[in-house]
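One structure is given below, encoded as structure tokens.
As the structure is a prediction and not an experimental result, all values here were calculated from the model. Throughout, a chain's letter reflects where its sequence line sits, starting with A, and its residues are numbered from 1.
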Amino acid sequence: MKLFSLLTGRRSAPLARERLQILLTHERCATGNSGLIPVLREEILAVIAKHVDVAPEKVDVKVQQGDDVAVLEIEVEIPHIAARASMSRERGGRAA
Amino acid sequence: MAEVLVVTSGKGGVGKTTSTAALGAALAQTGQNVCVVDFDVGLRNLDLVMGAERRVVYDLINVANGDVRLQQALIRDKRIDTLYLLAASQTRDKDALSEEGVRRCISELRTRFDWVICDSPAGIERGATLAMRYADLAVVVTNPEVSSVRDSDRIIGLLDSKTLKAAQGERMEKFLLLTRYDKIRAGRGDMLSIDDVLEILSIPLLGIIPESEEVLRASNVGAPVTLSNAASAPARAYMDAARRLKGETISMTIPSDRNNLLTKLFGRRAA
């Protein structure tokens, strides 16, 4: 078994590192900035939903805590068709 | 001006007490006046690791509650005269420790020592937050292992929110002490490397303590590892870490015991 993992180069540390990075990104959001992330998420979702059909779970808001500054990361997944439809409506001079 | 340092980790069994004793002794060995304080009320062990378990009469709670003077509770180390211990209470509950009592006790310790090193209990409850509350800087003890790194991350968050420094809007200085590190296993890719842990926790490195049987031997005999075998790899690593705390610039190396193979073959007395 040991020989097998040696030959295939299956090392466990990279997996540990990856699991920790994913877990801690989420835990830092949950414990720090109490309440800020959910509020931001709701408001961003509301603004986007005015123009594009977007599913609530497709809006991901993260805060990366650095040494001196924190980075706010917002990822919104928009469906292709919905995005295009909204853009063509925009061109048609639709007033909100 | 005294520096109050908290040795903390979140997770238990990673080497907080060992590191408190070793760093305290190492600083005292360089001539600094040091007091190590056990905050683990009900589960004290710093006295045992320091070899002073039979000399404890009064403890931190007695001093914090004003029952006795600080002088009466301080235990002077028999090997280094600039090293003192303030033990935790073994019989009381951790709720017996009041925040105001701890504040008074720490500020009195500040006037008498160069270094006050607070050994935090494991966990994130009252005992741990009281141990870090009045600290100027923190040493976060971490093993290269997923649960320890996760808990250290949580503790770093608490250091940035629950300490007096953080409450006053100041920056809490934090250093990583990586313990039980095995260079060979990390090299094989079967243990998180130093860079992995540093990248995840993103706090500066104070030292790397190699996995070594000398640590257990030191606790068996009741001596900080820097005193029980000063030439051993962990002792040298703690010595370097202590000098970095004093502001000296020392290149980061991982001391090794490997040359001890010769010592083992030809008998320890020769060394």
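For the pair A/L20 and B/D196, the minimum side-chain heavy-atom distance is 4.5 Å or more.
B/I200 CD1 to A/E18 CD: the interatomic distance, rounded to the nearest 0.5 Å, is 10.5 Å. For the atom pair CD of A/E27 and CZ of B/R150, the computed distance is 4.0 Å after rounding to the nearest 0.5 Å.
Summarising the local packing, CD of B/E170 is surrounded by more than 12 heavy atoms from other residues, nucleotides or ligands at distances under 6.0 Å. Summarising the local packing, CD of A/E75 is surrounded by 12 or fewer heavy atoms from other residues, nucleotides or ligands at distances under 6.0 Å. Residue B/K246 places its NZ atom among more than 12 non-hydrogen atoms of other residues, nucleotides or ligands, all under 6.0 Å distant.
None of B/V146, B/V149, B/L192 except one satisfies the side chain to side chain contact (heavy atoms under 4.5 Å, CB included) rule with A/R17; the exception is B/L192.
The heavy-atom pair separating A/P14 from B/G189 by the smallest distance is CD-O, 3.9 Å.
Neither the backbone nor the side chain of B/E145 comes within contact range of chain A; no heavy atom of the residue lies under 4.5 Å from a heavy atom of that chain.
The list of salt bridge (Lys or Arg N to Asp or Glu O under 4.0 Å) pairs with a residue in residues 117-129 of chain B, not counting sequence neighbours, is empty.
Taking a cutoff of 4.0 Å between a charged side-chain nitrogen and a carboxylate oxygen, B/D190 and A/R11 do not qualify as a salt bridge.
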